[in-house]
Amino acid sequence: MECKVSDVYRVLDEIAPFDTQMDFDNAGLLLGHPENRVDCILTALDATSGVVEEAKRAGAQLIVTHHPVFFRPVKRLVETEPEARNVCEMIRAGISLIAAHTNFDIAEGGVNDALAAQLGWQVERHGELLRFGTFEAPATLEALAAQAAAALGGPVVPYGGAQRLISRWAICSGAGGSEVAEAVREGAEVLLTGEIRHHEALEAMERGICVLEAGHFFTEFCAARQLQRHLQQRLHALQYNVKVLASEVHPFA
């Protein structure tokens with residue numbers, strides 16, 4: 001059965017409803033026409049130049065990213081600017097773009113659940129963005145930093161006493177430093193997140209909670225694979241003959 005961009009949008013809206021995105025966000029169909037045909041989809045964290053080229057090589061007509069383009073108001077598309085150049089290249093190649101951002105952070109089975117699974121940490125309860133759990137045996141902050149670095153494939157910076165024993169954890173992919181207060185309210189002893197600002201880290205220390213800063217990219221790269229799994233399963237169940245690929249592009253390699 002022929003699949004259109006609008007069909008993929010509807011499936012994504014079931015997985016992670018777009019009306020749940022946060023007020024500042026720009027998730028949804030950002031480029032292309034809803035009636036454009038789709039035979040191949042590439043999922044990715046960002047629509048970088050490398051991802052656009054990967055989509056072109058794969059013959060993808062649609063890129064589904066976690067992070068949106070046009071996150072701030074755009075007044076011009078001048079190709080000396082990287083984002084504008086990538087958008088123009090997608091237009092020339094006939095590639096549409098959908099972003100599932102904070103709606104996919106919040107969704108059950110979304111980015112934060114994928115991050116917990118990658119870490120091997122068992123989620124016990126959900127907040128709006130945060131996920132919470134308890135380790136079977138307490139571990140030192142230093143040991144948790146090493147384990148997280150091995151699981152995520154990038155450096156992890158610990159904030160707090162290296163030998164402090166941790167039992168209760170919270171995670172928030174990406175820029176989760178603003179969630180320190182909620183993590184404390186829920187009894188977490190450590191918050192693992194992608195990035196945290198200086199004043200947020202100081203707040204965490206004052207509130208008595210440790211932090212593991214694991215990198216925005218490394219805590220959300222799992223989004224591409226999770227989107228790929230969800231889309232391929234749902235589209236196959238609907239009998240759409242669509243191939244869904246997950247990007248392997250590492251922008252910092």
Side-chain angles (χ1 to χ4, degrees), residues 12-28 45 66-68 71 99-136 138-139 141 144-145 147-148 151-152 156-160 164-227 229-230:
L12 283 167
D13 195 43
E14 294 172 0
I15 294 166
F18 287 103
D19 63 6
T20 64
Q21 67 181 287
M22 295 181 173
D23 292 342
F24 64 83
D25 205 2
N26 191 35
L45 182 58
H66 182 45
H67 292 146
F71 204 75
H101 190 212
T102 52
N103 55 314
F104 196 52
D105 288 322
I106 293 167
E108 185 172 348
V111 184
N112 284 301
D113 292 302
L115 173 59
Q118 188 172 351
L119 289 164
W121 298 3
Q122 184 65 43
V123 174
E124 294 174 352
R125 63 192 188 281
H126 289 198
E128 181 181 32
L129 285 173
L130 295 176
R131 301 294 184 262
F132 302 96
T134 306
F135 297 118
E136 290 185 8
L141 184 67
L144 289 175
Q147 185 259 327
L152 301 179
V156 175
V157 179
Y159 296 81
R164 179 175 170 182
L165 286 174
I166 305 294
S167 295
R168 298 183 300 277
W169 56 264
I171 61 169
C172 182
S173 64
S178 60
E179 306 304 311
V180 165
E182 183 184 353
V184 172
R185 283 195 300 271
E186 292 295 324
E189 297 162 333
V190 67
L191 169 65
L192 183 145
T193 190
E195 58 183 283
I196 188 167
R197 292 181 290 182
H198 177 68
H199 73 274
E200 294 167 338
L202 290 177
E203 178 191 353
M205 297 304 100
E206 292 292 334
R207 289 181 179 272
I209 186 173
C210 298
V211 175
L212 294 173
E213 186 177 23
H216 201 125
F217 171 81
F218 293 103
T219 60
E220 293 198 332
F221 189 55
C222 57
R225 185 66 65 187
Q226 193 76 339
L227 283 166
R229 290 190 197 101
H230 282 305

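- Side-chain atoms of Ser167 never come within 3.5 Å of backbone atoms of Pro138 as a donor-acceptor pair (strictly under, hydrogens ignored).
- The CG atom of Leu144 lies 6.0 Å from the CG atom of Leu212; values are rounded to the nearest 0.5 Å.
- Between Glu186 and Arg125, at least one side-chain nitrogen of the basic residue sits less than 4.0 Å from a carboxylate oxygen of the acidic one, meeting the salt-bridge criterion.
- Ring geometry for His67 versus His216: interplanar angle over 60°, hence perpendicular rather than tilted (30 to 60°).
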Run Ile171 and Leu191 through side chain to side chain contact (heavy atoms under 4.5 Å, CB included) and show every step you take. CA-CA 5 Å; Ile171 61 169; Leu191 169 65; 5.7 Å; no
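- Applying the side chain to side chain donor-acceptor pair (under 3.5 Å) rule to Glu213 yields the partners Tyr159; only residues at least two apart in sequence or on another chain are considered.
- The backbone N or O of Leu129 sits less than 3.5 Å from a side-chain atom of Asn112, completing a donor-acceptor pair.
- For the pair Asp113 (side chain) and Glu108 (backbone), a donor-acceptor distance under 3.5 Å is absent.
- A heavy-atom distance below 4.5 Å is not found between the side chains of Phe104 and Leu12.
- Checked by atom type, the side-chain pair Gln226/His66 shows no donor-acceptor distance below 3.5 Å.
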Side chain to side chain contact (heavy atoms under 4.5 Å, CB included) between Trp121 and Leu192, worked out: CA-CA 11 Å; Trp121 298 3; Leu192 183 145; 3.9 Å; yes
Mind running side chain to side chain contact (heavy atoms under 4.5 Å, CB included) on Asp19 and Asp13 for me, showing each step along the way? CA-CA 8 Å; Asp19 63 6; Asp13 195 43; 5.5 Å; no
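- With hydrogens and angles disregarded, no donor-acceptor distance shorter than 3.5 Å links the side chain of Glu124 to the backbone of Phe132.
- The salt bridge (Lys or Arg N to Asp or Glu O under 4.0 Å) contacts involving residues 174-185 comprise nothing, where partners must be two or more places apart or lie in separate chains.
- Between Val190 and Val211, the closest side-chain pair of non-hydrogen atoms is not below 4.5 Å.
- For His230 (side chain) and Gly109 (main-chain N/O), a donor-acceptor pair under 3.5 Å exists by modelled atom type.
- Between the Gln147 side chain and the Leu119 main chain, a donor and an acceptor come within less than 3.5 Å of each other.
- Between Gln118 and Cys222 the shortest heavy-atom distance is OE1-CB, 3.4 Å.
- For Ala27 against Pro68, the heavy-atom pair with the smallest separation is N-CG, 4.5 Å.
- Defined by atom type and a distance below 3.5 Å, a donor-acceptor pair is present between the side-chain atoms of Ser173 and Glu220.
- Residues Leu227 and Val111 fail the side-chain proximity criterion, which asks for heavy atoms closer than 4.5 Å.
- Each of Leu141, Leu165, Ile166 was scored for a side-chain contact (heavy atoms from CB on, under 4.5 Å) with Glu189, with one residue passing: Ile166.
- Between the side chain of Arg131 and the backbone N or O of Val123 there is no donor-acceptor pair closer than 3.5 Å.
- Nearest approach of Cys172 to Thr193, heavy atoms of both residues: O-OG1, 2.6 Å.
- The salt bridge (charged side-chain N to carboxylate O under 4.0 Å, His left out) check on Arg207 picks up Glu203, with sequence neighbours excluded.
- Checked by atom type and distance alone, the side chain of Thr102 never pairs as donor or acceptor with a backbone atom of Gln21 at under 3.5 Å.
- Counting only distance, with no hydrogens or angles, the side chain of Asn103 and the backbone of His101 share a donor-acceptor pair below 3.5 Å.
- Ring planes of Trp169 and Phe135: tilted class, angle from 30 to 60°.
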